[in-house]
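One structure is given here, and the rest of the page talks about it.
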Amino acid sequence: MGWSPYDLVDQEQMRTLARPERLSETQLAAVKTVLYVEDHLPGYLSEYLRVMTDPELPDDQYIVNRQALHYTFRWVAEEDRHAHVLEMYLKRSGLVTQPELEADMLRERKTAYIFPYDTQMVEGFVYLALQEKATHLYYRALAKDLDEPLLKAILSRMGADEASHGAFFYDLLIKCHKGDLDALARKVSAVANDFKMPVQSNLTNYRRQILSLMRAAPSYRHPDVFTDMMNTVTKAASKYGRESLVLITPELGPFAK
Ligand SMILES: [Fe+2]
Ligand SMILES: [Fe+2]
């Protein structure tokens, strides 16, 4: 938690820090696409709640899901400010008029979002982990590649949120696969195989929109998303491997304390 769109895009910041005229047309198109993607939140939150509160679930799963929802409500509160801060920025900077932006957002939001891993919870969480990591790396790259100080600040805050969401899902997956991280690595490969940028198939003219996303942030490399998650799993595997070795033969503990 810890920051609000109202502080980040207030009149003072718009006057002193913002340089919207420095954005190229492609960069502006990319910022709008990021906004449309983030603004699918109402759709995917209702999907998520539908899956997590299904009354047909076995009792023990129902209890676990209620625990998981404590995280979910904080998570979606952070996601909600991503669409909100960009919407406020685009309007207050005068880059887009209010009626135009609202019509665009309405059109994009209306495309239904269906969670692709309804019945396979683990694959669903791998997908979410990859999605969070992709947005983290993309916002970081876009912040680096454009020359607008206020937008850099906004994207850095958003990227930090995505990084912490990604870390949460990595941690969750690693803990529940502690005994068999190879199985997790196989699931990551399978999900990553047909992983795309979040909700891209829901965007109108998505080829054009994805092209602007990539052109606006040349330092973003999509394969890094998969590599990052695999590295984390590998690191965890060697850490747990060492721990179990220490457990069996305590004299083989680390040399340096
Ligand atoms: Fe987000
Ligand atoms: Fe996120």
Side-chain angles (χ1 to χ4, degrees), residues 1-9 30-49 51-52 68-90 101 104-105 108-109 111 113 115-117 123-144 146 150-174 188 191-192 195-203 206 209-210 212-214 216-217 220 222 224-226 228-229 232:
M1 308 305 283
W3 61 270
S4 150
Y6 294 101
D7 302 329
L8 213 52
V9 193
V31 172
K32 284 189 198 169
T33 298
V34 170
L35 164 60
Y36 303 150
V37 170
E38 291 283 355
D39 198 50
H40 275 82
L41 177 65
Y44 74 73
L45 172 59
S46 43
E47 267 296 277
Y48 197 89
L49 287 177
V51 175
M52 298 290 279
L69 284 169
H70 295 309
Y71 164 78
T72 306
F73 292 128
R74 281 158 185 77
W75 172 42
V76 295
E78 295 190 354
E79 294 299 353
D80 183 56
R81 64 186 173 190
H82 297 168
H84 194 186
V85 74
L86 292 179
E87 181 189 358
M88 285 172 67
Y89 170 80
L90 288 172
L101 191 61
D104 286 349
M105 288 172 70
E108 297 288 350
R109 198 189 301 126
T111 60
Y113 178 77
F115 190 63
Y117 296 93
E123 281 77 2
F125 282 113
V126 171
Y127 170 83
L128 289 171
L130 290 170
Q131 179 175 279
E132 298 292 354
K133 186 47 70 177
T135 47
H136 167 218
L137 297 184
Y138 184 78
Y139 299 163
R140 197 177 65 182
L142 187 61
K144 175 172 172 277
L146 51 73
L150 181 56
L151 201 48
K152 271 181 189 288
I154 293 171
L155 289 164
S156 304
R157 293 291 180 96
M158 289 171 59
D161 285 352
E162 308 297 12
S164 79
H165 304 159
F168 176 84
F169 287 116
Y170 280 13
D171 194 44
L172 187 78
L173 286 162
I174 285 168
V188 173
V191 174
F195 175 76
K196 300 178 182 77
M197 282 299 271
V199 301
Q200 76 172 39
S201 49
N202 296 78
L203 298 170
Y206 84 94
Q209 296 214 45
I210 294 301
S212 322
L213 277 187
M214 296 305 131
Y220 176 74
H222 197 53
D224 289 351
V225 177
F226 173 69
D228 185 89
M229 190 159 181
T232 311

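All ligand and atom numbering here is 1-based and tracks the order in the structure. This chain uses plain numbering: 1 for the first residue, then up along the sequence.
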Test side chain to side chain contact (heavy atoms under 4.5 Å, CB included) applied to E78 and H165, step by step = CA-CA 9 Å; E78 295 190 354; H165 304 159; 2.7 Å; yes
Would you say the side chain of L155 lies within less than 4.5 Å of the side chain of L146, judging by non-hydrogen atoms?
-> yes
Is a side-chain donor or acceptor of Y139 paired with a backbone partner of E162 at a separation under 3.5 angstrom?
-> no
Acceptor/donor pairs from residues 83-90 side chains to any protein atom, 3.5 angstrom cut, sequence neighbours excluded:
residue, atom, partner, partner atom, Å
E87, OE2, K91, NZ, 2.8
Y89, OH, E148, OE2, 2.5

Worked verdict on Q131 versus F169 for side chain to side chain contact (heavy atoms under 4.5 Å, CB included) | CA-CA 10 Å; Q131 179 175 279; F169 287 116; over 6 Å; no
Under 3.5 Å, side chain of H40 to main-chain N/O of E108, donor-acceptor pair present?
-> yes
Excluding water, the protein N, O or S atoms sitting under 2.8 Å from the Fe ion (ligand 2) are E79 OE2, E132 OE1, E162 OE1, H165 ND1
